[in-house]
2 protein chains.
Amino acid sequence: MEKPMTIKDIARIAGVSPATVSRVINNNPAGVSRETRAHIQQIVQTYGYQPNNVARSMITKRSNTIGVVVPDIVNQFYTLLLKGVEDMAASRGYSVVLCNSNNNEDKELRNLSYLRDNYVAGIIYNNYRMSERTANLIRSSRVPLIFVDNWGDPIDGICVRINHQHGMAAMANYLLDMGHRAFAYLAGPEGVFSADMRRRGFLDALEERGISFAPRGVLQHCAYSEDAGYEAAKQLLDEKRSITCFVCANDLIAYGVIRLLNERGLRVPDDCSVTGFDDIPFSRLLNPGLTTIYNPVQQLGRSAAQLLIDHIEGAPPPPQRELLFDTHLVRRASVKFLPS
Amino acid sequence: MEKPMTIKDIARIAGVSPATVSRVINNNPAGVSRETRAHIQQIVQTYGYQPNNVARSMITKRSNTIGVVVPDIVNQFYTLLLKGVEDMAASRGYSVVLCNSNNNEDKELRNLSYLRDNYVAGIIYNNYRMSERTANLIRSSRVPLIFVDNWGDPIDGICVRINHQHGMAAMANYLLDMGHRAFAYLAGPEGVFSADMRRRGFLDALEERGISFAPRGVLQHCAYSEDAGYEAAKQLLDEKRSITCFVCANDLIAYGVIRLLNERGLRVPDDCSVTGFDDIPFSRLLNPGLTTIYNPVQQLGRSAAQLLIDHIEGAPPPPQRELLFDTHLVRRASVKFLPS
DNA sequence: ATGAAAGCGCTAACAG
DNA sequence: CTGTTAGCGCTTTCAT
């Protein structure tokens, strides 16, 4: 294998000093005459010279890579987010590396250090809950960072998210209109920003309509996963609750509920209605299709990347620290109309 | 922000030279007396010194990161693979970065160069089809590389995969036993290794049973995606083919078929049976559950990582260039029994 | 067993 | 405008 060319090789060939070559490959505004610049570019072209990024970032302490850290890469929600980030990043000339923290604090800490130690230009970050250690690490790293779904929490920074409350309120109103009153609300993990906001959206909407959740409704926390939804539904059913609709804080939970319902021979929506939140692609494939709230994750990813890169490149911070996106209700067939 | 410690700081504190510290942190067998070694380790500990990986890999031209490049990160098959890789890699002290080539040659080339330029220790690679340019890049990079689903192709290297043929043959035999004879075989993309092997497995199995595919069967190529399955099924149905079972080369395709069937008011499996391949987690959630072939993809990921790291660390190559994993049939409810 | 010195490939003052 | 000089933080001969 021929060793790759270095800046010195180019300099020698061009008959100039490495510094000059450096100036042109960095589009350094500092003066290089039009001719020498062209000459060098020409040589770089023909030899296909690529500067060594590692050497570069050793000096500048910066690279053209942005890191994305998420808690669960198997959840399509996050892969969709990643896709949005990648699109935007690529168009701006950045690479992206994905770190899966697997909802595990140590792993997350390692990921974050890894990114810092490799001089990433910036980070897009999400987690269910941010630990104090993580917050400290982020603070001390001083790497530009954008949150997806921040939670008025240990760190203040720029954040991109959907309007969870509106979304879930829309669902509540729809369900009320469909005649439902006996809800099992599977709220997702307690203390997690998106889950908390969605819950508030739901409960406030009921209140606003003067309908109380309490007597017939039941609220239960659970992980953001299919298995958790399955278990929660099982428990509720075993308690012989009479429920007309399972309102789930995300689609995964709804999948679990549906699986249990199927196992018990209960039909959706005839025997029981189910709703989700996020509208990940699979939800329309269920039979019946899952009624849920569309969450523009890819768009979120793109915006997060854009904000981050703007920031990295020195743009002034946006006026608001939080960029909010709208959701909308996706009516499919998993909710039954209950005439009153 | 206090600047991170350097090896010099440690050296000064320990009263030794940087070289000695280097020897210690690299567990360099070269002689360092037991005492100085312990002394230095002690200091490294208390100050929490972390060597700068970038500087390190600039010299060694190697890092402790392995790269995974896949064609479609939104397909759960690949996120599961990644998960397997991560588990294994973490336990061996490696970080992993994911690159999504998005089934796009330029992107893939950029990803591969990126990994090479950042001195990754090795790469785990999959794509639907390998271009000649990609092959050249891989060859000239000389980075250790493991294929997932290699395809007797431009490059020879170590490969980890499932036995596609066996898997699809098991499916064929099952369907035959269930009385099916009129198949629509949605074969996935032509020329893609896994798709070709699966198709062969299916066709050969029929032949072995002395049953010919031809008169009533129809074979159609399509992308490995839900939309492609949907379109293919639409076309076939519009041609008024009388089909008893759609045999799909992966689960995603089957999802598309099911979506179309639902739209047309056709019931699975009463009006038409459908099968998949891979058994990604959603498949059991479908109603009826999708009959498919379980593909131990996480295990694949773990093995790929293990093989790769062994190789990186200088282990002799395994005797066979190909590590094969078994699949098994997962019978759910998407296939109807057709008494003859 | 340890240290001094010479870089890895590049950028960043500082001169000219 | 361009070249020279120092390093970035680390590893690696080569001495001692």
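Reminder, nothing fancy here: chain letters follow the sequence lines and each chain counts from 1.
Note: CG (A:Asn53) to P (C:dC8) measures 18 Å, nearest angstrom. Here D:dT12 presents its C1' atom at 13 Å from CD1 of B:Ile25, a figure rounded to the nearest Å. In this structure, the CG atom of A:Asp9 is 10 Å from the C1' atom of C:dG9, given to the nearest Å. Per the geometry, CE belonging to B:Met58 stands 11 Å off P belonging to D:dC10, to the nearest Å. Following rounding to the nearest Å, A:Gln50 (CD) and C:dC10 (P) show an atom-to-atom distance of 11 Å. A:Ile59 places its CD1 atom 7 Å from the C1' atom of C:dG9, with the value rounded to the nearest Å. Between the CE atom of A:Met5 and the P atom of C:dC10 there is a distance of 10 Å, given to the nearest Å. To the nearest angstrom, C1' of D:dT2 lies 13 Å from CD of A:Glu35.
Of the candidate nucleotides C:dA1, C:dA4, C:dT11, C:dA4 has the atom nearest to the side chain of B:Ser17. Distance from the side chain of B:Arg23 is smallest for C:dG3 among the nucleotides C:dC10, D:dG9, C:dG3.
For the residue pair B:Asn64 and A:Tyr114, no side-chain donor N or O sits within less than 3.5 Å of a side-chain acceptor on the partner. Under 3.5 Å, the side chains of B:Asn104 and B:Arg110 contain no donor-acceptor pair of N or O atoms.
The side chain of A:Asn26 contributes an N or O atom lying less than 4.0 Å from OP1 or OP2 of C:dT11. For the pair A:Thr60 and C:dT11, the criterion of a side-chain N or O lying under 4.0 Å from OP1 or OP2 is not met. Between D:dG3 and A:Thr20, a contact under 4.0 Å exists linking OP1 or OP2 to a side-chain N or O. Residue A:Thr36 places at least one side-chain N or O under 4.0 Å from the OP1 or OP2 atom of D:dT2. Put simply, A:Arg56 has no side-chain N or O that comes within less than 4.0 Å of OP1 or OP2 on C:dC10. Phosphate proximity of D:dG9 to A:Lys61: present, with a side-chain N or O under 4.0 Å from OP1 or OP2.
Backbone-only contact: B:Thr6 has heavy atoms under 4.0 Å from sugar-phosphate atoms and none from a base. Residue-level contact check: A:Ser57 touches neither bases nor backbone, having no heavy atom under 4.0 Å from any strand. Heavy atoms of B:Val16 sit under 4.0 angstrom from primed sugar atoms or phosphate atoms, though from no base atom. When heavy atoms are screened at a 4.0 angstrom cut-off, B:Tyr119 is found touching no nucleic acid atom at all.
Position along DNA chain D of the nearest nucleotide to A:Arg34 versus A:Pro18 favours A:Arg34 as the more 5'-ward residue. Two residues, B:Ala55 and B:Gly15, neighbour DNA chain C, and the one matched to the more 5' nucleotide by heavy-atom proximity is B:Gly15.
From B:Thr79, atom OG1 reaches atom CG of B:Asn100 across 11.0 Å, with rounding to the nearest 0.5 Å.
Taking a cutoff of 4.0 Å between a charged side-chain nitrogen and a carboxylate oxygen, A:Arg129 and A:Glu105 do not qualify as a salt bridge.
Residues A:Lys83 and B:Asn102 are in side-chain contact: their nearest non-hydrogen atoms beyond the backbone lie under 4.5 Å apart. Counting only heavy atoms from C-beta outward, the side chains of A:Asp117 and B:Val54 never approach each other to under 4.5 Å.
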